[in-house]
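Letters A, B, ... mirror the listed sequences (proteins, then strands); counts begin at 1.
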Amino acid sequence: MRSSQLFSKTLRQVSTEADTVSHQLLLKAGMIYQVASGVYSYLPLGLRVVRNIERIIREELDAQGAQEMMMPVLQPFELWERTGRHVSFGQGLFTLSDRRDRKLCLGPTHEEVITEIVHHNVNSYRDLPLLLYQIQTKFRDEARPRGGLLRVREFTMVDAYSFDAGEAELDLSYQKMIQAYKNIYSRCGLPTMVVEADSGAIGGKESHEFMLLTSSGEDKIIHCPNCDYAANVDKAQSIKPPGEQEEPLPMEEVATPGIRTIEELASFLHIPKSRTLKAVFYSADKDLVFVVTRGDLEVNEVKLRHVLYCSELNLASEEQVKRAHLVAGSASPLGLHGIRTVADESITLGTNFVAGANKPDFHIRNVNYPRDFQVDLLVDITLAQAGQGCPKCGAKLLSAPGIEVGHIFKLGTMFSQKLAAFFLTREGSRKPIVMGCYGIGIGRILAAAVEYYHDDKGIIWPKSLAPYHVYLCALGMDNPELAQVAEKLYAELEAVGMATLFDDRLDPPGVKFNDADLLGIPLRLILSQRCLKSESVEIKWRTEKEPQLVPIAEAASKIDELLSTRGDSN
RNA sequence: CGGGGUGUAGCGCAGGGGGAGCGCGCAUGGUUUGGGACCAUGAGGUCGGAGGUUCAAAUCCUCUCACCCCGACCA
């Protein structure tokens with residue numbers, strides 16, 4: 001491709017509205033164009049990267065025996081009613097009606113459709129196992145699209161589904177897919193960490209995310225430096241720091257004028273936060289829930305949601321709190337009646353806590369569980385934090401931000417049962433197919449790669465993703481002799497199938513160098529008067545400072561050699 | 001949905017009751033060519049939209065839409 005013909009142009013400035021590195025660079029490089037909030041077009045250069053990602057994914061999935069198919073974006077809403085996910089997906093589901101007022105939705109994922117298809121095509125254990133996948137546009141009405149391609153409302157996703165006769169067979173499919181995914185990320189040059197995850201609206205029991213560790217990530221990962229334990233903070237377990245074990249003392253009231261937060265309380269009484277009890281009020285499907293944890297810990301709302309089996313969970317409103325006669329700032333489970341109380345197990349790790357007196361400006365010392373109060377549920381509902389103990393080996397946990405670039409689930413029989421996808425076993429009994437599903441966001445991989453590989457001048461594509469491998473930069477194209485040599489070299493590179501972007505523009509060198517850096521193509525070639533004199537061409541890696549000189553006649557073969565001996569990443 | 005912010009030329013921005021501007025880009029001509037070069041000339045805008053106040057509104061008021069950020073939410 002010739003730069004002079006290329007549709008997309010690089011921008012000199014991008015809007016201050018773009019504040020994520022990948023968003024800025026992709027806009028600046030002319031790879032994407034925003035059409036609406038969370039909706040983007042891919043321009044020719046960006047699309048070439050997308051195609052590279054797709055090719056890698058197809059190759060790896062095909063290698064595991066998966067078969068590609070294609071399912072519709074437009075789906076009957078009724079199908080979602082049958083699995084109940086029209087509720088659990090909630091407002092994230094884009095819905096619409098046709099001219100006959102039939103309700104439809106735009107698929108945010110395809111478990112319903114694939115299960116329906118498999119139901120009509122699989123009858124016997126002989127048809128299993130089965131691995132199917134598609135690369136398709138998905139829609140999700142995100143509450144807040146953000147970060148350019150990182151969180152969008154329309155996106156291309158690879159979703160794969162496995163169908164097995166039993167749990168043990170599912171485990172095998174699951175392991176196969178983990179391997180396929182690892183291969184995919186590694187070929188994309190992205191070092192990812194596999195972490196335990198919450199399965200959210202998809203449902204199912206076991207779930208893992210593939211995380212790229214980078215500072216711009218919006219997910220938080222808790223991981224162990226000593227063993228292989230790693231989990232999304234939503235899911236992460238930890239060994240909580242122990243508290244003091246003392247002889248229980250009699251309760252006594254203490255005046256705490258104006259004290260409302262745990263921080264204030266701890267510093268006012270000169271005690272560590274772990275010697276206090278924290279009360280938080282939630283509204284779970286409209287019902288008030290009283291939550292108690294040790295003062296040094298934070299509530300994990302995902303865990304709380306699971307133990308409450310509720311679909312809507314928010315902090316309680318002021319009116320709700322008032323109506324229940326709770327005293328925010330001095331609340332405690334002492335003498336509490338008629339309100340569901342959930343406590344974190346940390347309240348058993350320690351004695352003689354300071355808790356609220358349930359009247360303003362007073363607290364109570366020496367509160368002990370279960371001597372002084374009871375709870376309805378005593379479970380783990382707090383956030384794991386860096387510094388706490390690894391649940392597997394006890395070492396000190398670390399935390400890190402990451403971008404979720406893939407998410408896989410063991411679905412079990414949830415969908416097959418609801419949509420009647422059964423098969424006959426060898427013994428002739430009817431059983432629901434055991435399913436798994438596996439998703440990768442293409443745009444996210446693209447954006448994540450830019451987040452991971454860039455410098456102050458622009459993108460630095462891994463070779464496997466780069467829109468072109470070679471940037472042929474001819475300086476002084478108005479010189480007929482130079483133009484002729486450049487054209488010849490371009491033709492040679494094209495002839496051996498080298499993906500080349502030929503900068504044949506008449507612009508000054510600075511413009512071309514800057515574009516070369518911005519676009520992040522791995523290998524830059526420069527042809528100038530200076531080179532012509534020595535009958536050589538300058539070759540430079542995007543990642544390196546110094547070029548090397550190669551005779552023009554050997555250029556094509558030298559480039560081929562350079563690119564094929566260099567690893568996939570960079 | 002709550003909080004904050006921004007909408008003025010293709011892009012980036014300034015202006016804040018009375019002339020619609022700057023930089024970049026674009027067009028034409030010329031000079032340039034190893035890190036976004038220069039000169040000259042020129043095209044391009046219902047100042048997001050609607051209503052109001054005023055002799056007069058890009059500017060003040062009300063409403064509305066879009067986009068961004070924080071939070072809530074989220075395979």
Colleague: Going by the rule side chain to side chain donor-acceptor pair (under 3.5 Å), which residues pair with A/Asp159 if we only count those two or more places apart in sequence or in a different chain?
Modeller: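 Here the qualifying residues are A/Gln134, A/Lys138, A/Tyr161.
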Colleague: Could you check how far CG of A/Leu11 sits from C1' of B/rC13, rounded to whole Å?
Modeller: 15 Å
Colleague: Go through the steps to decide whether A/Arg144 and A/Arg151 satisfy the test side chain to side chain contact (heavy atoms under 4.5 Å, CB included), and finish with yes or no.
Modeller: CA-CA 8 Å; A/Arg144 184 155 86 85; A/Arg151 181 165 293 280; over 6 Å; no
Colleague: Using the side-chain heavy atoms of A/Arg146, tell me which of these nucleotides is nearest: B/rC73, B/rG5, B/rG12.
Modeller: B/rC73
Colleague: Pick the closest RNA chain B nucleotide for A/Phe155 and for A/Asn514 by heavy atoms, then say which residue is nearer the 5' end.
Modeller: A/Asn514
Colleague: For B/rC68, take OP1 and OP2 only and decide whether either is under 4.0 Å from a side-chain N or O of A/Gln34.
Modeller: yes
Colleague: If the condition is ring pair (Phe, Tyr, Trp, His ring centres under 6.0 Å), which residues does A/Tyr185 pass it with, not counting sequence neighbours?
Modeller: A/Phe210
Colleague: Report the residue (A/Val158 or A/Pro547) whose heavy-atom-nearest nucleotide on RNA chain B is the more 5′ of the two.
Modeller: A/Pro547
Colleague: Could you tell me whether A/Phe415 and A/His119 have their ring centroids closer than 6.0 angstrom?
Modeller: no
Colleague: Any salt bridge linking A/Asp287 with A/Arg340? Criterion: basic side-chain nitrogen under 4.0 Å from a carboxylate oxygen.
Modeller: no
Colleague: Look at A/Arg305 and B/rC74 and indicate whether a side-chain polar atom (N or O) is within less than 4.0 Å of OP1 or OP2.
Modeller: yes
Colleague: For B/rC68, does OP1 or OP2 lie under 4.0 Å from any side-chain N or O of A/Ser37?
Modeller: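 Answer yes for this pair, as a side-chain N or O of A/Ser37 is under 4.0 Å from OP1 or OP2.
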Colleague: Can you tell me which stems involve RNA chain B, if a stem is defined as three or more consecutive Watson-Crick or G-U wobble pairs, both distances under 3.5 Å?
Modeller: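 Listed by first number, the stems are B:1-7 with B:65-71, B:10-13 with B:21-24, B:26-31 with B:37-42, B:48-52 with B:60-64.
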Colleague: If we ignore angles and hydrogens, is there a donor and acceptor under 3.5 Å between the side chains of A/His208 and A/Tyr174?
Modeller: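 The criterion, which ignores hydrogens and geometry beyond distance, is satisfied for A/Tyr174 and A/His208.
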Colleague: Send over the distance from A/Glu301 CD to B/rC74 C1', rounded to a whole Å.
Modeller: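 In whole Å, B/rC74 C1' lies 13 Å from A/Glu301 CD.
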